[in-house]
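A short worksheet on the structure shown next.
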Amino acid sequence: MGDVGGLRAVLFDMDGLLIDSERLWLEVETETMAWLGGTWGPEQQKLLVGSSLDRASAYMVELTGADVSAAEVGRRMVDGMVERLSSCVPMMPGAKDLLVQVRDAGLPAALVSSSHRVLVDPVLDAVGREFFALSVAGDEVSRTKPDPEPYLTAVARLGAVPGRCVVLEDSPTGVRAAEAAGCAVVAVPCLLPVQPGPGRTVVESLREVDLALLRSLVS
């Protein structure tokens, strides 16, 4: 495994951090809620940023009182996102440059997402699987973010320790998961604000993040 100073691995969230997909999710959620007989907008979306698909689906059913299973709601949303990601995977500013820096430094990277594998795979194909040593999807763990399990799983599979890894996240839910796992965190808020804190660096864009910054966060 590559090593740069004390840094052993870099772990990336997907939605809202690596790819500009929150607007796509808003489209899908709005369409799904209309099908359920309800309405949806940015304020409702913010309640679910960083959450699992199961939680989002259950919330929509509860909100509308529709006689539809949460599983069916989830399937409709996944189908909508698969359709969109098959034609366009928009990356966030600075994301590709940072991935190149991490790869060229010989550091392993992982993609750790609350999205299901069926959504993670097209993103890996579009962004470039060569940038990632592994990926962990939301339907491959027992407990999703904000539980630390997704990040602990990735760190263990990389053969690293949390204290020598940096996680890049966009949501408070993801930040809590990374910090609970014991990783240093760089937060790039997308839809919800994230406050600075011990072991947590907050920036406005991935364009502000480089290898030197990541190295400085791990002793």
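Every value quoted in this text rests on a predicted model; they were computed, and no experiment measured them. Keep in mind that the numbers below use all heavy atoms, side chains included, and drop hydrogens, waters and symmetry copies.
Residues Met92 and Leu111 do not share a hydrophobic cluster, clusters being chains of Ile/Leu/Val/Met/Phe/Trp/Tyr side chains in contact below 4.5 Å. When the side chains of ILVMFWY residues are joined at heavy-atom separations under 4.5 Å, either directly or via intervening members, Val203 and Met91 end up in a single hydrophobic cluster. Cluster annotation: Leu98 and Leu211 are assigned to the same hydrophobic cluster (Ile/Leu/Val/Met/Phe/Trp/Tyr, side-chain heavy-atom contacts under 4.5 Å, transitive). Residue Ile19 is grouped with residue Leu168 when hydrophobic side chains (ILVMFWY) are merged at heavy-atom distances under 4.5 angstrom, including chains of intermediate members. Linking Ile, Leu, Val, Met, Phe, Trp and Tyr whenever their side-chain heavy atoms come within less than 4.5 Å puts Trp25 and Trp35 in one cluster.
Asp147 approaches Pro150 most closely through the heavy-atom pair O-CD, 3.2 Å. The heavy-atom pair separating Val102 from Ala109 by the smallest distance is CG1-CB, 4.2 Å. In plain terms, the two heavy atoms of Ala154 and Val112 that are nearest each other are CB-CG2, 3.7 Å. In this structure, Leu206 and Gly94 approach most closely via the heavy-atom pair CB-C, 3.9 Å. Contact record, Leu99 with Val127: CD1-CG1, 3.6 Å, taken as the closest heavy-atom pair. When all heavy atoms of Gly16 and Cys190 are compared, the pair lying nearest together is O-CB, 3.7 Å.
Among residues two or more places apart in sequence or in another chain, the side-chain contact (heavy atoms from CB on, under 4.5 Å) test is passed with Thr30 by Leu26, Trp40.
Once rounded to the nearest 0.5 Å, the distance linking CG of Leu11 with CZ of Phe132 reads 10.5 Å. One finds the CZ atom of Arg200 at 11.0 Å from the CD atom of Glu169 (value rounded to the nearest 0.5 Å). To the nearest 0.5 angstrom, Glu27 atom CD is 11.5 Å from Thr32 atom OG1. Rounding to the nearest 0.5 Å places CD of Gln101 at 10.0 Å from CG of Leu213. Summarising the geometry, atom OG belonging to Ser115 is positioned 8.5 Å from atom CG belonging to Leu85; distances are rounded to the nearest 0.5 Å. The NE2 atom of His116 sits 8.5 Å away from the OG1 atom of Thr144 when rounded to the nearest 0.5 Å.
Listed by first then second residue, pairs satisfying salt bridge (Lys or Arg N to Asp or Glu O under 4.0 Å) with a partner in residues 30-50 read Glu31-Arg84, Glu43-Lys46, not counting sequence neighbours.
Not one N or O on the side chain of Gln44 forms a donor-acceptor pair closer than 3.5 Å with the backbone of Glu29. Between the Glu149 side chain and the Arg143 main chain, a donor and an acceptor come within less than 3.5 Å of each other.
For Asp67, the CG atom is loosely surrounded, since the number of other residues' heavy atoms within 6.0 Å does not exceed 12. Other residues, nucleotides and ligands contribute only 12 or fewer heavy atoms inside 6.0 Å of the CD atom of Glu204. In this structure, Glu140 places its CD atom where more than 12 heavy-atom neighbours from other residues, nucleotides or ligands lie under 6.0 Å away.
Screening Asp13, Asp170, Asp15 for a salt bridge (charged side-chain N to carboxylate O under 4.0 Å, His left out) involving Lys145 leaves a single residue, Asp13.
Looking at Ser135 and Arg117, their side chains do bring a donor and an acceptor atom within 3.5 Å of each other.
At a threshold of 4.0 Å, the pair Arg176-Glu179 does not count as salt-bridged, since none of the basic side-chain nitrogens sits closer than that to a carboxylate oxygen. For Arg129 and Asp125, the salt-bridge test passes: some basic side-chain N is under 4.0 Å from an acidic carboxylate O.
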